[in-house]
Number of protein chains: 2
Amino acid sequence: MTNSITLNDVARLAGVHAGTVSRALSRPESVSPQTRERVLRAVEELGYVPNLAARQLAGGKSASIAIIVPDITNPFFAAIVHHTQRKARASNRLVLLADSNRSAHEEKEAAASLSRNVDGIIVCAPISSTKTLLSSSKGTPIVFVNKKAEGMSSVIIDQELTVRLAVEHLLELGHKHIAFVPGPRSFWSSRIRLGALAAVIKEYPQLKVTLLKSYEPDFEGGQHCALEIRKAKASGLVAFNDFQALGIITKSISLGMSIPDDLSIVGADGLPFGETMLPSLTTVAAPLREVGEIALDLLDSEINGLESKSVKVSPFLVRRSSTSSLLSGNSS
Amino acid sequence: MTNSITLNDVARLAGVHAGTVSRALSRPESVSPQTRERVLRAVEELGYVPNLAARQLAGGKSASIAIIVPDITNPFFAAIVHHTQRKARASNRLVLLADSNRSAHEEKEAAASLSRNVDGIIVCAPISSTKTLLSSSKGTPIVFVNKKAEGMSSVIIDQELTVRLAVEHLLELGHKHIAFVPGPRSFWSSRIRLGALAAVIKEYPQLKVTLLKSYEPDFEGGQHCALEIRKAKASGLVAFNDFQALGIITKSISLGMSIPDDLSIVGADGLPFGETMLPSLTTVAAPLREVGEIALDLLDSEINGLESKSVKVSPFLVRRSSTSSLLSGNSS
DNA sequence: CTGAAAGCGCTAACAT
DNA sequence: ATGTTAGCGCTTTCAG
């Protein structure tokens, strides 16, 4: 913002005109090899860095994208942001970050103020309605992460598979009665998982499933949940996510239970801390890097006017020590 | 980026000229109350959002700042980013995020490409040399977080106090022999802490302190460290940060030790997971919100041409259950 | 207090 | 293949 070396300075040094420098930089093949050489050398020598504002104003493209998350402090979103931004930078684009603080209003505001200034927006775990978001972003391409919506590009984690992997893992371990913690009804993924659970259950009529009440998908929610779980008498449990599983585990332990001996617990998300806790957490992990990168790919498609599409990525089971076999007493 | 409602549209609707709209928006007191009213109404009705690029180009200010972190996935930095961006948005500014992936080179590149396009840059835990950063940012105001450098604005955590709080806490609990894990020599904070340790030790000649080897400030580093610790025979330990403390704790437990009974452990940073682990982690917490907000304040001072200054924030002890009294066998 | 006009640094369309 | 020219949407003089 402070600096001053302009395209014209480069042009002067290289002995060509500004337009030529611009071309040399954006479409190198459209200038003669020697001109290109000379321009590049001048750029190097002067340490020229393009002024994006000017570029955006003139060209209509900002070479920057935005990503909106409910909370950057949540490792799930941090990981996605990490990978998206890496990939964006690799193609020389800047990324603007907005943290909506889990507020629908702030999310909407962010979308509105960002829309004018970036080529596209990635909204992670959208809180506002699709309609709201669409109208406040006024035509700027958007892709959703973790929510599917009609006519929108989105990358989602296969929730059916998430449920299936968790349940079947417990089944393989010999569990006959499992408990399932549904997520908040307001979450898109909660609704899908509930449907998936019904489908999976149907395939295993011998399995008894207790549907618990819904708890917040965080550590505290898990702690509260732990109280209800004991009553359920299930030997296995599928938590809504890793944070919740962590709460369930620590509370259960302090309640005198032994994990996994008294209760096998499966989390979801695959956050790094699952590996560092005691017991380490068996979880259905989401491929967060893929998610972040695909989101950017989809955004690029949207920016280039291609048709919207939704891609579903597959989670995978990470077997650790919060689950164990009911048969031999061994961990899986 | 896609959108189209311009200042002129607003001007037309409000029946005034573009310049007036611009003034009404940026210095409301410079236009008549009724004009202001009319303009604001038109803005509202049209859903006008300023084009930052144009504003930046014309006014020389971008109304955006950048923040560079070594790794957004690290909750320490995520927290800082969270608070900085909240405050920035509150004053209607956008924030660009760059994750250097712990690479000095990427950090430098980020500073260079960002410098032209924002009003100022916050660099968290700088990896590159101050000189390098300064030259690649070509005059754009910079503030450092977690590193102090001559002539630069910076917000740092009081490392002397960090060491003192940790050591004195252990002392109060009756520990006579403590171990201290130094951080990587390349960290600014490691060097300061070592000096602080020497000073604190001098005040307590009765205390035996074993300086361990340096381990990586992460979970794995902690695990490796746990092996060396047993040999030290200390009853208390000051880890370099919470991640490392976590590694030390889990490894120690799996080695058959009991925490805090056999070893009291103090972490540093005060990351949220310290509360959710078992045992919960006693730690010298950094006021991350303050850090993030002060960083922005300092940046604003720099942007406004005020003198650079360094502010030191005070960490505070969070007593939890990874430390206990050697006297009564009770947790503190 | 407000209108008019001159660019900010760059790209794109048009010449040559 | 390269020079030339006209803006992009806004802020900021400078008049009035």
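Everything numeric here is computed off the predicted structure, so don't read it as measured data. In what follows, chains are A, B, ... by sequence order, proteins preceding strands, each numbered from 1. All values below were derived from every heavy atom in this structure, side-chain atoms included, with hydrogens, water molecules and symmetry-related copies excluded.
Between A:Asp119 and A:Lys61 there is no salt bridge, since no side-chain nitrogen of the basic residue lies less than 4.0 Å from a carboxylate oxygen of the acidic one.
Residue B:Arg38 contributes atom CZ, which lies 14 Å from atom P of C:dC1 at whole-angstrom precision. Following rounding to the nearest Å, B:Glu29 (CD) and C:dT2 (C1') show an atom-to-atom distance of 15 Å. For the pair A:Arg12 CZ and D:dG3 C1', the computed distance is 16 Å after rounding to whole Å.
A:His17 has no side-chain polar atom (N or O) that falls below the 4.0 Å cut-off from OP1 or OP2 of D:dT2. Within the structure, every side-chain polar atom (N or O) of B:Thr35 is placed at least 4.0 Å from both OP1 and OP2 of C:dC1.
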Which pairs would a plain distance check flag for residues 20-27 of chain A, meaning a side-chain donor or acceptor within less than 3.5 Å of a matching protein atom at least two apart in sequence or in another chain?
residue : atom : partner : partner atom : Å
A:Thr20 : OG1  : A:Arg23 : NH2          : 3.4
A:Ser26 : OG   : A:Ser22 : O            : 2.9

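The side-chain hydrogen bond (donor to acceptor under 3.5 Å, both in side chains) contacts involving residues 294-304 of chain B comprise B:Lys87-B:Asp297, B:Arg93-B:Asp300, B:Ser153-B:Glu302, B:Glu302-B:Ser308, where partners must be two or more places apart or lie in separate chains.
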With sugar-phosphate taken as primed atoms, P, OP1 and OP2 and all else as base, the protein-contact string of nucleotides 11-16 of chain D at under 4.0 Å (heavy atoms; B, S, -) is BBB---
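Set against D:dC10, C:dG9, C:dT2, the side chain of A:Leu57 has C:dG9 as its closest nucleotide.
In this view, B:Thr35 and B:Ser32 satisfy the side-chain hydrogen bond (donor to acceptor under 3.5 Å, both in side chains) rule, not counting sequence neighbours. Every residue two or more places apart in sequence or in another chain that forms a salt bridge (charged side-chain N to carboxylate O under 4.0 Å, His left out) with B:Arg289 is listed here: B:Glu293. Remark: B:Glu109 engages no residue in a salt bridge (charged side-chain N to carboxylate O under 4.0 Å, His left out) (not counting sequence neighbours).
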